2 protein chains.
Amino acid sequence: MKDGPDISIIAALIGDPARANILTALMSGKALTASELASEAGVTLQTASSHLSKLENASLIRVRKQGRHKYFTLGSEDVAHVLEALMGLAAGTGRLRTRPGPRDGAMRHARVCYNHLAGAMGTRMYDSLMVRDFLRHDGDMLHLTTSGQEFVAQLGLDLQSLPSPRTRLCRDCLDWSDRRSHLAGRLGRGLLAHFETLGWIRRVPKSRVIEYSKEGQKLFDRAFPIA
Amino acid sequence: MKDGPDISIIAALIGDPARANILTALMSGKALTASELASEAGVTLQTASSHLSKLENASLIRVRKQGRHKYFTLGSEDVAHVLEALMGLAAGTGRLRTRPGPRDGAMRHARVCYNHLAGAMGTRMYDSLMVRDFLRHDGDMLHLTTSGQEFVAQLGLDLQSLPSPRTRLCRDCLDWSDRRSHLAGRLGRGLLAHFETLGWIRRVPKSRVIEYSKEGQKLFDRAFPIA
DNA sequence: TTCATGGTTCGACACTAACCGAAGCATTGG
DNA sequence: CCAATGCTTCGGTTAGTGTCGAACCATGAA
């Protein structure tokens with residue numbers, strides 16, 4: 001009575017601590033090399049190699065060769081979606097929640113979810129775009145309205161310049177911290193990169209945390225007001 | 001560099017085939033006994049008992065004793081959400097997709113997702129409610145508008161009678177078949193039950209498939225038109 | 001060519017956990 | 001009271017796999 005696709009193979013892959021660490025590290029959206037991932041996962045290079053080949057085989061991750069390095073990224077945004085969903089569940093049911101460290105607060109405030117903005121600032125942006133009708137839900141299809149397109153252009157982001165036009169422009173993703181939606185998809189990715197080039201935000205090295213500059217926070221708050 | 005909650009323990013639990021089968025079976029929303037789940041999973045009663053205690057320990061499932069039976073259900077809707085996300089990923093990346101059996105088509109058309117309506121009919125209902133502004137997105141908070149409340153009352157469903165008012169009334173959930181949102185939460189649960197009492201739908205035993213009666217399909221289409 | 005670095009493959013070890021048989025509780029029904 | 005049913009616990013076997021040392025390939029630099 002197996003109804004629906006087989007879950008267990010994928011779940012088993014995520015189920016190993018080393019591999020889970022690898023995937024979580026890749027949630028930063030950065031392309032990381034095998035050695036970096038090995039140290040992230042706390043295993044030697046050989047075992048990491050074994051894990052990576054398995055993950056790639058199931059296309060949970062994607063590889064890009066470059067010189068004598070191999071750069072790994074998550075296989076798709078769906079993978080990131082599953083990981084965030086799992087984090088939400090773990091945060092809720094995980095009784096033995098590691099007590100919130102200093103970094104945890106920063107994570108809740110602003111972090112990168114694979115390649116877009118998440119955390120309180122992420123949901124703030126999403127909400128602000130929604131109430132001004134720049135972003136609209138159509139069934140499930142989330143799309144940018146014409147006034148939204150003007151707004152984005154006004155921010156200085158060129159929609160045409162966004163890469164890989166085959167994928168969805170807007171997509172919503174819900175995060176484990178405040179259980180609200182934030183903006184993913186090509187636009188979400190583009191906006192995050194744009195904020196970085198504008199100098200509003202800065203990514204804390206070796207983590208998913210995002211720091212706002214003083215000026216950046218002010219401008220962000222002005223650009224994305226809430227009622 | 002473990003950022004975020006620990007995923008691997010939960011994923012490992014779902015990663016065992018027997019447990020995955022158990023959880024998938026519970027996606028039907030029905031409360032099942034230990035022996036039923038054992039046969040679903042294809043293991044003996046003893047091993048099933050072991051699995052069930054582990055799942056309950058992690059509160060992925062919930063138990064209710066009744067006489068000399070123990071009835072199991074999923075722990076929360078978040079668990080169902082994770083499972084559906086995993087199914088979506090498995091359907092997409094799983095190269096060795098078992099070719100669609102006869103039941104697969106029925107599953108895509110209408111099935112139960114834990115306790116609410118999913119599949120093509122599920123997304124149709126969702127879309128229809130959205131375009132008529134009976135349901136509205138507010139940031140992430142999905143809520144029923146006043147005209148929506150009238151509509152629901154007109155269908156013959158008493159909102160006050162819905163159980164467990166502590167949980168959310170509306171919630172969206174996206175399914176693995178057509179990658180669109182459908183309605184979950186207390187209202188989604190209530191509507192599914194209502195359709196059943198109206199005789200519009202019938203649940204195929206021992207599966208998650210939902211069958212429409214001829215008359216039921218007609219009335220459903222009329223109640224939830226699409227552009 | 002020689003060296004160094006990044007990554008893979010092989011083999012062996014150890015540890016976990018899934019599995020079932022058999023016995024043990026608990027509840028219901030006669 | 002005894003019998004039957006539903007489930008749990010215990011013990012021992014077995015299979016799988018995560019782990020690392022060591023040797024092996026490939027690329028780039030000196």
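Below, chains carry the letters A, B, ... as their sequence lines are ordered, and counting in each starts from 1. Only a predicted model underlies this, so the values are computations on that prediction, with no experimental measurement involved.
- One finds a side-chain N or O of T44(B) lying less than 4.0 angstrom from the OP1 or OP2 phosphate oxygen of dC20(C).
- Protein atom CD1 of I9(A) is 17 Å distant from nucleotide atom C1' of dT17(D), rounded to whole Å.
- Residue contacts for A48(A): at a heavy-atom cut-off of 4.0 Å it reaches no nucleic acid atom on any strand shown.
- In this structure, the nucleotide among dT8(C), dC19(C), dT19(D) sitting nearest to the side chain of V43(A) is dT19(D).
- Computed from coordinates, the H69(A) NE2 to dT8(C) P distance equals 13 Å when rounded to whole Å.
- When rounded to the nearest whole Å, the span between CG of L52(A) and P of dT17(D) equals 17 Å.
- In this structure, D16(B) places its CG atom 11 Å from P of dT17(D), rounding to the nearest Å.
- Residue T33(A) is classed as a sugar-phosphate contact, given heavy-atom separations below 4.0 Å to backbone atoms only.
- Comparing dG7(C), dG21(C), dC7(D) by their nearest atom to the side chain of K70(B) picks out dC7(D).
- The nearest whole Å value for the distance from the CD1 atom in I22(B) to the C1' atom in dC19(C) is 13 Å.
- The listed nucleotides are dT9(D), dG7(C), dA18(C); the one nearest the side chain of S49(B) is dT9(D).
- With dC19(C), dT9(C), dT8(D) as the candidates, the nucleotide lying closest to the side chain of Q46(B) is dT8(D).
- Atom CZ of R19(B) is separated from atom C1' of dC19(C) by 12 Å (rounded to the nearest Å).
- Screening D78(B), L83(B), L13(B) against L60(B) for a side-chain contact (heavy atoms from CB on, under 4.5 Å) leaves a single residue, L13(B).
- Taking 4.0 angstrom as the limit, H51(B) places a side-chain polar atom (N or O) nearer than this to OP1 or OP2 of dC19(C).
- Using a cut-off of 4.0 Å between Lys/Arg side-chain N and Asp/Glu carboxylate O, E84(A) and R208(A) are scored as salt-bridged.
- Taking atom CG of residue L45(A) and atom P of nucleotide dT8(C), one finds them 7 Å apart after rounding to whole Å.
- Residue T47(B) places at least one side-chain N or O closer than 4.0 Å to OP1 or OP2 of dC20(C).
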Exercise for review: For the pair T44(B) and Q46(B), evaluate side-chain hydrogen bond (donor to acceptor under 3.5 Å, both in side chains) and give the outcome as yes or no after the intermediate values.
Suggested key: CA-CA 6 Å; T44(B) 66; Q46(B) 309 97 330; 2.5 Å; yes
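- The distance from atom OH of Y71(A) to atom P of dT27(D) is 16 Å, rounded to the nearest whole Å.
- Picking from dA18(C), dT19(D), dT8(C) the nucleotide with the shortest atom distance to the side chain of A18(A) gives dT19(D).
- Under the 30°/60° scheme for interplanar angles, the aromatic rings of Y212(A) and F220(A) are found to stand perpendicular.
- Put simply, the side chain of L74(A) reaches to within 4.5 Å of the side chain of M27(A), judged on heavy atoms.
- Using a 4.0 Å cut-off, no side-chain N or O of K65(B) falls inside it from OP1 or OP2 of dA26(C).
- Side-chain nitrogen and oxygen atoms of K54(B) include at least one within less than 4.0 Å of the OP1 or OP2 phosphate oxygen of dA18(C).
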